[in-house]
**Student:** 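Let me begin by handing over the structure; questions about it come next.
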Amino acid sequence: MTDRDDGARRRALAEIARLAAAHDLTPDEIRHAMAGAEPGGTGVLVRVFGYLGGLFVFAGLVALAAIQWPDLNAAARIVITLGPGVAAFVLALAARGDARYAGAAAPLLLIAAALEPTGMMVAFAELGGGGDARVAGLITAATMAVQFMAVRRTHGGTLPWFLASLFALAAATLALDLIAVVPPAHAGLTVGATALLLAVHADRHGLAGAATVWYPAGAALAQAALFEILEGGPAELLFPAAAAALLYLSVILRSRGLLVVSVLGLLGFVGYYTAEHFARSLGWPLALVGFGLALIALGALGLRLDRRYLRGGGPPPGAL
């Protein structure tokens with residue numbers, strides 16, 4: 001290797017270090033990206049086989065537990081559910097620390113996310129005194145959220161953050177359910193809004209995969225809960241305003257999932273309102289058509305003004 005090549009390599013490494021620091025990238029994430037960029041699609045192939053292998057392992061464990069369940073005592077039931085989950089979690093951490101086995105880390109984490117809480121709930125059922133199952137679920141979900149957030153902080157990655165947020169939302173849902181003064185619809189609205197905030201956070205911190213899930217999921221839950229709260233009351237016309245706000249937010253955040261859910265929410269409300277109040281009136285559908293055409297015209301006018309004045313540096317002298 002010549003001095004020129006050695007200098008180019010040092011400059012490339014310095015640039016990689018600068019970009020990693022600027023975007024808060026971990027060495028593990030860089031290794032994963034390098035593994036996925038291997039020629040011939042090797043990284044993709046490893047990931048596909050990893051997910052398939054994890055699926056078959058999970059199916060085998062479930063089938064074994066189902067076959068042997070009636071003949072097992074309490075300790076054996078806990079071991080057969082919680083034990084493989086803990087083992088999968090430990091193996092996932094080991095795989096994430098070695099680029100050669102990085103493709104197996106995600107399916108192992110998913111297996112742990114399914115088996116560990118199942119084992120904890122089995123332990124509560126077998127060893128507990130018959131208390132409120134929601135308390136056991138709250139403890140389990142909170143424990144899993146802390147575990148995966150610790151993995152996120154030490155190893156990085158989108159999947160641990162997503163799993164941590166999933167269990168945190170589950171814990172919040174159970175906590176709100178335990179508070180008798182909070183109606184279920186209000187709890188659903190709170191959890192849905194929280195999921196939307198998590199989606200925005202994920203989108204702003206390079207966790208696009210998690211944001212893709214939480215945008216539509218949070219919007220769907222929030223809209224369903226809001227409709228349940230407003231249905232039949234004098235304020236039910238606030239629902240289309242909220243759905244329109246979500247649609248506007250989807251354009252700002254460039255989320256197709258949020259756009260689809262908000263549009264479906266608007267269409268669903270229009271169908272409900274028509275059936276409830278204007279089932280046999282021709283004026284209502286004609287009014288909807290006119291209102292829609294007016295919105296399209298306003299959108300076209302806004303686009304024209306934006307292109308002509310805002311992006312062009314303002315109106316010409318004497319225009320206003």
**Student:** Passes side chain to side chain contact (heavy atoms under 4.5 Å, CB included), Leu109 versus Phe148? Steps please.
**Tutor:** CA-CA 9 Å; Leu109 281 178; Phe148 284 111; 3.8 Å; yes
**Student:** Please tell me whether Leu196 and Leu189 are part of a single hydrophobic cluster in this structure, the criterion being side-chain heavy atoms less than 4.5 Å apart.
**Tutor:**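 Hydrophobic grouping puts Leu196 apart from Leu189.
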**Student:** Side-chain contact, heavy-atom cut-off 4.5 Å: Leu166 with Val213?
**Tutor:**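 No - every pair of side-chain heavy atoms lies 4.5 Å or more apart.
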**Student:** Taking all heavy atoms of Phe167 and all of Ala145, pick out the closest pair and write down the distance.
**Tutor:**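 Taking every non-hydrogen atom into account, CB-N, 3.7 Å.
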**Student:** Does any part of the side chain of Val261, heavy atoms only, come nearer than 4.5 Å to the side chain of Leu246, both counted from C-beta?
**Tutor:**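 Heavy-atom side-chain distance check fails, nothing below 4.5 Å.
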**Student:** Find out whether Leu178 and Asp132 are in side-chain contact, i.e. whether some heavy atom of one side chain is under 4.5 Å from a heavy atom of the other.
**Tutor:**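 When only atoms from C-beta onward are counted, Asp132 and Leu178 do touch, with a gap below 4.5 Å.
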**Student:** How close do Ala222 and Ala193 get, counting heavy atoms only, and between which atoms?
**Tutor:**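 Scanning both residues completely, I find the closest heavy atoms to be CB-N, 4.3 Å.
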**Student:** List the steps and the verdict of side chain to side chain contact (heavy atoms under 4.5 Å, CB included) for Leu127 and Ile78.
**Tutor:** CA-CA 10 Å; Leu127 305 178; Ile78 296 172; 3.9 Å; yes
**Student:** Please check if Phe227 and Leu264 belong to a single hydrophobic cluster, counting links between Ile, Leu, Val, Met, Phe, Trp and Tyr side chain heavy atoms closer than 4.5 Å.
**Tutor:**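 No, because Phe227 and Leu264 fall into different hydrophobic clusters, even though each may have its own neighbours under 4.5 Å.
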**Student:** Check Ala211 against Pro216 and note the closest heavy-atom contact, atom names and distance.
**Tutor:**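 Looking at all heavy atoms of both residues, the closest pair is O-CD, 4.4 Å.
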**Student:** Can you tell me how far apart CG (Leu221) and CG (Leu226) are? Round to the nearest 0.5 Å.
**Tutor:**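 One finds 11.0 Å between CG of Leu221 and CG of Leu226.
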**Student:** Would Met144 end up clustered with Leu159 when hydrophobic side chains under 4.5 Å apart are linked, directly or stepwise?
**Tutor:**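 Yes, same cluster.
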**Student:** Could you grab the distance from atom CG of Leu163 to atom OG1 of Thr158, nearest 0.5 Å is fine?
**Tutor:**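 Separation between the atoms: 10.5 Å.
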**Student:** When clusters are formed by joining ILVMFWY residues with side-chain heavy atoms under 4.5 Å apart, either directly or through shared neighbours, do Tyr215 and Leu247 land in the same one?
**Tutor:**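 Cluster IDs for Tyr215 and Leu247 differ.
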**Student:** Do Val122 and Leu82 come close enough that some side-chain heavy atom pair is under 4.5 Å?
**Tutor:**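 Not in contact.
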**Student:** Could you tell me the separation between the CG atom of Leu207 and the NE2 atom of His201, rounded to the nearest 0.5 Å?
**Tutor:**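 The NE2 atom of His201 is 6.5 Å from CG of Leu207, to the nearest 0.5 Å.
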**Student:** Are the side chain of Glu236 and the backbone of Gly232 linked by a donor-acceptor contact shorter than 3.5 Å?
**Tutor:**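 Present.
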**Student:** I'd like to check His205 versus Trp161 (side-chain heavy atoms, cut-off strictly below 4.5 Å). Are they in contact?
**Tutor:**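 Side-chain contact under 4.5 Å: no.
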**Student:** Does any non-hydrogen side-chain atom of Thr173 lie less than 4.5 Å from one of Arg134?
**Tutor:**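 Arg134 does not reach Thr173 side chain to side chain.
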**Student:** From Met121 CE over to Thr81 OG1, what is the distance, rounded to the nearest 0.5 angstrom?
**Tutor:**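 Reported to 0.5 Å precision, the distance equals 11.5 Å.
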**Student:** Please find the pair of heavy atoms, one from Ala88 and one from Ala112, that lie closest to each other, and give the distance.
**Tutor:**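 Residues Ala88 and Ala112, closest heavy atoms: CB-N, 4.1 Å.
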**Student:** Establish whether Trp69 and Met120 are linked, either directly or via other cluster members, by ILVMFWY side-chain heavy-atom contacts under 4.5 Å.
**Tutor:**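 In one cluster with Trp69: Met120, yes.
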**Student:** Report the distance from atom CG of Leu169 to atom CG of Leu174, rounding to the nearest 0.5 Å.
**Tutor:**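 Atom-to-atom, Leu169:CG and Leu174:CG are 11.0 Å apart.
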**Student:** Where do Asn73 and Ala76 come nearest, in terms of heavy atoms and distance?
**Tutor:**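 The answer is OD1-N, 2.8 Å.
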**Student:** Nearest 0.5 Å, what's the CZ-CD distance between Phe239 and Glu228?
**Tutor:**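 The CD atom of Glu228 is 12.0 Å from CZ of Phe239, to the nearest 0.5 Å.
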**Student:** Where do Leu93 and Thr154 land on the side chain to side chain contact (heavy atoms under 4.5 Å, CB included) test, with the steps shown first?
**Tutor:** CA-CA 10 Å; Leu93 294 183; Thr154 56; 5.8 Å; no
**Student:** Run Leu237 and Phe269 through side chain to side chain contact (heavy atoms under 4.5 Å, CB included) and show every step you take.
**Tutor:** CA-CA 9 Å; Leu237 288 179; Phe269 181 83; 4.1 Å; yes
**Student:** Which pair of non-hydrogen atoms, one from Ala114 and one from Thr118, has the smallest distance, and what is that distance?
**Tutor:**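 Result for this residue pair: O-OG1, 2.6 Å.
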